[in-house]
Amino acid sequence: MQYTGRLMRIIAHLDMDAFYASAELVRDPRLKGRPVAVGGRRGIQPLPGQDFPLLGQYQGRGVLTTANYEARKLGLHSAMPTMRAAKLAPQAILLPADFEWYSTLSRRFKEAVLQLTPVMENRGVDEIYLDLTEQTQGDFEKARQLAAQLKQAVKDATGGMTCSIGLSENKLTSKICSDLQKPDGLTLVRPHEFETVVWPLPVGKVNGIGPKAQAKLIELNIRTVGELALAPLPQLQAHFGNSYGLWLYECARGIDRRELSLGGDPKSISRETTFENDLHIRRDREALTAILTRLTDKLASDLERKKLKARTIGLKVRFPDFTSVTRDHTPGHTVSSATEILQAARECLKKVPFDTSASNHPRSRIRLLGVKASHLSHMELADQPDQLPLWEEDAR
DNA sequence: TCTGGGGTCCTAGGACCC
DNA sequence: TCTGGGGTCCTAGGACCC
């Protein structure tokens with residue numbers, strides 16, 4: 001076979017539009033055209049005369065997970081505290097998150113995609129990357145046609161949900177451009193078009209430049225990706241460190257060599273919960289113990305389901321002032337049962353700097369409690385509670 | 001109007017070993 | 001006297017993403 005040179009890579013980023021809210025609409029078409037937000041786990045009852053619960057009724061400490069496009073017009077967006085959203089748009093519909101239903105739809109759209117193209121990287125429930133290089137032989141026109149087919153397949157598989165696709169030579173650029181024509185968009189950026197399309201955008205549009213880095217860049221008078229491209233490498237490395245500085249320098253030039261990351265086991269599994277009201281570490285001891293037990297039980301069953309065990313258990317505590325501390329414990333043997341996890345979590349708890357010197361001291365109460373399992377490995381047959389190794393079969 | 005829950009990756013110091 | 005360099009593990013915190 002003759003080698004004719006490397007193909008131009010073609011990477012797609014496919015992002016479902018307002019996924020959770022659209023998922024609710026698939027189930028109940030009465031929601032069509034109305035502002036809908038999704039947030040919280042427990043639902044609230046509709047007021048008499050209303051077909052759905054309204055945002056204005058909400059009381060609690062949650063945030064919105066999703067707002068559909070009608071709700072966004074009212075100023076709502078994901079991660080917005082629900083109480084704030086309630087002030088802003090009391091008449092919008094508020095639905096509780098139903099993660100099982102969203103997972104079902106997630107599986108459906110991903111399966112539909114895999115029917116058309118095989119190389120997929122999962123990025124959570126509503127996003128994927130696809131490597132279309134082989135299938136399209138590096139031809140952007142073929143890729144555009146394939147992307148149109150993908151959009152249709154997703155729609156068919158989900159009962160009408162739309163997605164937006166970005167197409168370019170790498171993950172970074174495709175991720176940026178899938179966002180440019182939402183909803184129901186298809187945006188293709190060839191390498192020579194990078195500067196025209198991406199340079200005018202604010203640096204915050206780049207996946208990997210968050211609020212902190214953006215604020216620091218603005219101090220340097222850098223607001224757009226084009227302005228970032230003017231910054232010399234030594235300047236960026238002086239302010240952001242060698243590694244992140246280099247990354248910023250390259251991403252302003254559309255350089256991103258990352259391959260798709262396909263599957264694999266999770267690195268950590270965790271469970272956490274924010275309380276309705278802050279709990280006092282002494283006065284609410286019983287309630288806290290119950291919550292910690294519930295969290296470790298859930299974590300243990302997560303590990304059991306995935307047939308994993310952990311070398312390290314971590315505890316997370318958030319105080320009323322929103323500061324958090326984490327403490328780790330590595331017992332010296334791997335753990336998987338609820339009892340072992342709880343024991344390790346208690347070791348962590350001993351190391352948390354509580355302070356009850358004053359009754360209203362910020363570190364005398366807790367807002368959130370979480371438990372995490374990390375350094376995971378596969379359970380061996382002998383680890384599994386109800387399965388003796390084969391050679392012990394006769395002894396049963 | 002106070003800020004969910006599930007993750008990944010990076011940095012950096014100290015312990016400990018060779 | 002006062003002091004090497006490298007490797008790995010553990011721990012804590014923080015930025016970022018969906």
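So you know, we letter chains A, B, ... as the sequences are listed, proteins then strands, and number each from 1.
- In this structure, A/R41 does not reach the B/dG5 phosphate: none of its side-chain N or O atoms is under 4.0 Å from OP1 or OP2.
- The aromatic rings of A/F19 and A/F109 sit perpendicular to each other, their planes meeting at more than 60°, with 30° as the lower class boundary.
- With rounding to whole Å, A/Q237 atom CD is found 16 Å from B/dC10 atom P.
- Taking a pair to require two hydrogen-bonding distances under 3.5 Å in either a Watson-Crick or a G-U wobble arrangement, C/dC18 pairs with B/dG5.
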Summarise how protein sits on nucleotides 11-18 of chain C as a single string, 5' to 3': B when a protein heavy atom is under 4.0 Å from the base, S for sugar-phosphate-only contact, - for no contact. SSS-SSSS

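- Under the 4.5 Å side-chain heavy-atom criterion for Ile, Leu, Val, Met, Phe, Trp and Tyr, A/V225 and A/L233 are members of the same hydrophobic cluster.
- More than 12 heavy atoms of other residues, nucleotides or ligands sit less than 6.0 Å from atom NZ of A/K351.
- For A/R144 and A/F140, the positive end is not near the middle of the six-membered ring at less than 6.0 Å and at most 45° from its axis.
- Taking only side-chain nitrogens and oxygens, A/S270 comes nearer than 4.0 Å to OP1 or OP2 of B/dG7.
- Note: A/Y244 and A/W247 have parallel aromatic rings, judged against thresholds of 30 and 60 degrees for the angle between ring planes.
- With rounding to the nearest 0.5 Å, the separation of CG in A/L236 from CG in A/L217 is 7.5 Å.
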Close N or O pairs between protein and nucleotides 1-4 of chain B (under 3.5 Å):
| unit_1 | atom_1 | unit_2 | atom_2 | d |
| --- | --- | --- | --- | --- |
| B/dT3 | OP2 | A/R367 | NH1 | 3.4 |
| B/dT3 | OP2 | A/R367 | NH2 | 3.2 |
| B/dT3 | O5' | A/R367 | NH2 | 3.3 |
| B/dG4 | OP1 | A/R367 | NH2 | 2.7 |

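- One atom, CG of A/L299, and another, C1' of B/dG6, lie 12 Å apart when rounded to the nearest Å.
- The one candidate from A/T82, A/I93, A/L88, A/L95 that meets the side chain to side chain contact (heavy atoms under 4.5 Å, CB included) condition with A/L55 is A/T82.
- In this structure, A/R123 places its CZ atom where only 12 or fewer heavy-atom neighbours from other residues, nucleotides or ligands lie under 6.0 Å away.
- C/dG4 and B/dG14 are spaced 16 Å apart, taking the P atom of each and rounding to whole Å.
- Taking atom NZ of A/K267 as the reference point, atom P of B/dG7 lies 13 Å away to the nearest angstrom.
- Going from atom NZ of A/K306 over to atom C1' of B/dG6 covers 10 Å, rounded to whole Å.
- The distance from atom CD of A/E347 to atom CZ of A/R327, rounded to the nearest 0.5 Å, is 14.0 Å.
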